Number of protein chains: 2
Amino acid sequence: MARLSRLVLERLMRYYRFLTETAAKEAVETITSGEIAEALEIDPTQVRKDFAAVGLIGMGRVGFDVCEACRAIRVTLGFNRSYEAVLVGTGHLGGALLAYPNFVRYGMRIVAAFDNDKQKIGQTVAGQIVKPMRMLKPFIKRRKIRLAILTTPAHVSQMLADRLVAAGVKAIWNFTPTGLAVPPDVLVRNEHISIGLAEIAYHLKDQAAC
Amino acid sequence: MARLSRLVLERLMRYYRFLTETAAKEAVETITSGEIAEALEIDPTQVRKDFAAVGLIGMGRVGFDVCEACRAIRVTLGFNRSYEAVLVGTGHLGGALLAYPNFVRYGMRIVAAFDNDKQKIGQTVAGQIVKPMRMLKPFIKRRKIRLAILTTPAHVSQMLADRLVAAGVKAIWNFTPTGLAVPPDVLVRNEHISIGLAEIAYHLKDQAAC
DNA sequence: TAGATTGTTAATCGATTAACAATC
DNA sequence: TAGATTGTTAATCGATTAACAATC
C-alpha cells in the first residue's frame, strides 16, 4: 500500500474518533461519506478517497459499514498493535500526559517516567514512580521501547534526543519548542503548543481593528 | 495587506522564535534567508516570500536585519498588543497551561481560571484562584475578554463554547477533542493532542514490519 | 567590479473539489 | 425500476520550488 501522507493520517484519526463515538452512541450500522463529511466539515469525495486508501469498499446507495471502517482504520494506523512509551520530563505537561487516560485507545501505554530533578525522583506522578535519568538507556534497551515522549525544557531536548536515539528509540513525540536532529529512520512528531497563538493573536488583532 | 494563511502564520511563528533566540544568543545583526532556511528546514525562497508578505525588505548580498524582522513579524501577528484570556477547566492540562510562563511573549495573559468542581473552586492553581462557572460570563463581560482556553472534558465543550460566545469571546483555543460550532466571526483553534498518535502509530507499525 | 543575495515570475507539485458513470 | 451513493477520472486550486534578472 502506498505510504500515506500526514494529512491523510490526521483525517483518518478524525474519522476514527467520530466513527467509534457514533458506533458506541447510536448503534448505527452503516454511514455514508456525506454524513461523515458533514459532521467533520470535510468534502465527501475526500472521505471516499481516504477510505479507498485504507482498502474500504462502500456499498452503493447504503454507504460504509461502521465497524468495518473502524477496523480498517485501526489496522492501517496500527492502533491494534500496542506499543510502550517512556516519558522524559515530569513537569506540568508531562504530568498531564501521564494522567491522560485515552492513549490506550490508540495502542500507546506510558510505562515509565524519567526526570533528573532529585526532588521528583522516587515520587509518584499519576501512578508512575519517577525514575532517574541514568536508568533511561538501560530501561529502553531492556524493554525494547520504541517511543519516547519529550516534555523537558528546550535547552536539554537535543541532548536527550541523542540519548534516546542511541538507546534505540524509533519515534519521539516532541512537546519541546526545539527542532530535533535525528537519523532518517527516527520519526519526530512536533507538538509545539504555543504555535497556535500565531493564528489566535493574528485573528484578535484583526478583530480589534474592526 | 492580504489575509495570511494558517501555514504562513505558523512559519512566521517559527521564524520569530528562531530570530529572537538567535538575536539574544549570538548578537548577530543580519541574517540571510538561506541561514534561516537551513536552521528551520524550509526552502529559502519560501522564507523570502513570507518576509515579503510582512513587508520586510532585504538587503542584496547582506540579508535581513534581525531586529527589523522580529519587529515586523511581531507587529503582523499582533504579539505587541497584549490580550487577556480565561481558562476553562483546571484539570491536568489546564494546570500545565496556567503554569506555562512563555505566553506573555506572544501577548497573551491568562487572567482567570474557571471550573465547576466544588473541590477545586477557591483552590489556587499555578497562582490563580479557581473561580466558579457562574462567574464566567460576568467576568468575561466586565474585563472584555476575547480569548478563552478550553480544557474541559469533551462532553461539555460545545455547551461551554456557546456560553463563551454569548459572553463575547472572539477566539477559543480548544484543547478538547470535540469540534465546536461557533459563529463565523469567532475563531476556533483546535489542539487535539492525541491526533499526533496517528502519525506515530503508523510509523512504528512500519518499523516493526522491517 | 565581482559575487552573493534578494525579489519575483514561471514551473512544478500535491491536495482538494467537481463531475459523472457504475453500482446496488 | 428509480434513485441515492459509491469509485474514479478530470479540473481546479493553492502551496512549494526552480530559475534568474535586479540589486547592493
Side-chain angles (χ1 to χ4, degrees), chain A residues 1-15 18-19 22 28-73 76 179 195 198-199 202, chain B residues 1-15 18-19 22 28-73 76 179 195 198-199 202:
Chain A
M1 204 190 299
R3 182 139 204 89
L4 303 174
S5 77
R6 189 191 310 188
L7 287 166
V8 175
L9 295 173
E10 296 195 354
R11 280 198 303 269
L12 288 173
M13 181 68 149
R14 295 182 62 202
Y15 302 144
F18 175 69
L19 291 170
T22 306
V28 272
E29 283 177 14
T30 63
I31 196 163
T32 66
S33 60
E35 289 168 323
I36 297 171
E38 202 190 342
L40 268 41
E41 294 182 79
I42 293 175
D43 189 276
T45 308
Q46 188 71 272
V47 176
R48 296 201 292 277
K49 275 230 168 114
D50 292 337
F51 276 19
V54 300
L56 277 168
I57 295 168
M59 298 167 281
R61 219 170 77 82
V62 176
F64 296 83
D65 182 282
V66 175
C67 290
E68 213 179 288
C70 286
R71 198 193 47 75
I73 297 175
T76 302
I195 212 156
E199 196 180 351
Y202 184 66
Chain B
M1 203 190 300
R3 182 137 203 91
L4 303 174
S5 75
R6 189 191 309 189
L7 288 165
V8 175
L9 295 174
E10 295 195 354
R11 281 199 302 270
L12 288 172
M13 181 69 150
R14 297 182 61 202
Y15 302 145
F18 175 69
L19 290 170
T22 307
V28 273
E29 284 177 14
T30 63
I31 196 163
T32 67
S33 60
E35 290 167 323
I36 298 172
E38 201 190 342
L40 267 42
E41 296 183 79
I42 293 175
D43 188 277
T45 308
Q46 187 71 272
V47 176
R48 296 201 291 278
K49 276 229 168 116
D50 292 335
F51 276 20
V54 300
L56 277 167
I57 294 167
M59 297 167 280
R61 220 170 76 82
V62 176
F64 297 83
D65 183 283
V66 175
C67 292
E68 214 179 287
C70 286
R71 199 192 48 75
I73 297 175
T76 302
I195 212 157
E199 196 180 352
Y202 184 65

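A, B, ... follow the sequence lines: proteins, then strands. Residue 1 opens every chain. Worth saying up front: this structure is predicted, and the values here are computed from it rather than measured.
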Roughly how far, to the nearest 0.5 Å, is [atom2] of [Y] from [atom1] of [X]?
X: A:Ile42; Y: A:Ile36; atom1: CD1; atom2: CD1; answer: 9.0 Å
X: B:Thr30; Y: B:Glu68; atom1: OG1; atom2: CD; answer: 11.5 Å
X: A:Phe51; Y: A:Ser33; atom1: CZ; atom2: OG; answer: 8.5 Å
X: B:Arg14; Y: B:Ile73; atom1: CZ; atom2: CD1; answer: 12.0 Å
X: A:Asp50; Y: A:Arg11; atom1: CG; atom2: CZ; answer: 4.0 Å

Protein-nucleotide distance ([X], atom [atom1]; [N], atom [atom2]), rounded to Å:
X: B:Leu40; N: D:dT16; atom1: CG; atom2: C1'; value: 16 Å
X: B:Ile57; N: D:dA22; atom1: CD1; atom2: P; value: 18 Å
X: B:Asp43; N: C:dT12; atom1: CG; atom2: P; value: 16 Å
X: B:Glu10; N: D:dA15; atom1: CD; atom2: P; value: 13 Å
X: A:Arg3; N: C:dA15; atom1: CZ; atom2: P; value: 13 Å
X: A:Gln46; N: C:dT16; atom1: CD; atom2: P; value: 5 Å
X: A:Leu9; N: C:dA15; atom1: CG; atom2: P; value: 11 Å
X: A:Arg6; N: D:dT16; atom1: CZ; atom2: P; value: 12 Å

Worked verdict on B:Phe18 versus B:Ile31 for side chain to side chain contact (heavy atoms under 4.5 Å, CB included): CA-CA 11 Å; B:Phe18 175 69; B:Ile31 196 163; 3.7 Å; yes

Minimum-distance nucleotide (side-chain atoms of [X] versus [options]):
X: A:Lys49; options: D:dG7, D:dT16, C:dT17; answer: C:dT17
X: A:Thr45; options: C:dT8, C:dT17, C:dG7; answer: C:dT17
X: B:Phe64; options: C:dG7, D:dT6, C:dA18; answer: C:dG7

Whenever both distances are under 3.5 Å in a Watson-Crick or G-U wobble pair, mark it; put DNA chain C into dot-bracket that way, with [ ] for crossing pairs and | when the partner is on another strand. ..||||||||||||||||||||||

Within the structure, does a side-chain N or O atom of A:Arg48 lie under 4.0 Å from either OP1 or OP2 of D:dG7?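 For A:Arg48, the contact criterion (side-chain N or O under 4.0 Å from OP1 or OP2 of D:dG7) is not met.
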
B:Val62 vs A:Gly60, nearer the 5' end of DNA chain C by closest nucleotide: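 On the 5' side of the pair lies B:Val62.
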
May I ask you to say what A:Arg11 touches in the nucleic acid, namely base, sugar-phosphate or nothing, with a heavy-atom cut-off under 4.0 Å?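 Result for A:Arg11 = sugar-phosphate.
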
Would you check, one step at a time, whether the test side chain to side chain contact (heavy atoms under 4.5 Å, CB included) holds for A:Tyr202 with B:Arg3? CA-CA 10 Å; A:Tyr202 184 66; B:Arg3 182 137 203 91; 3.9 Å; yes

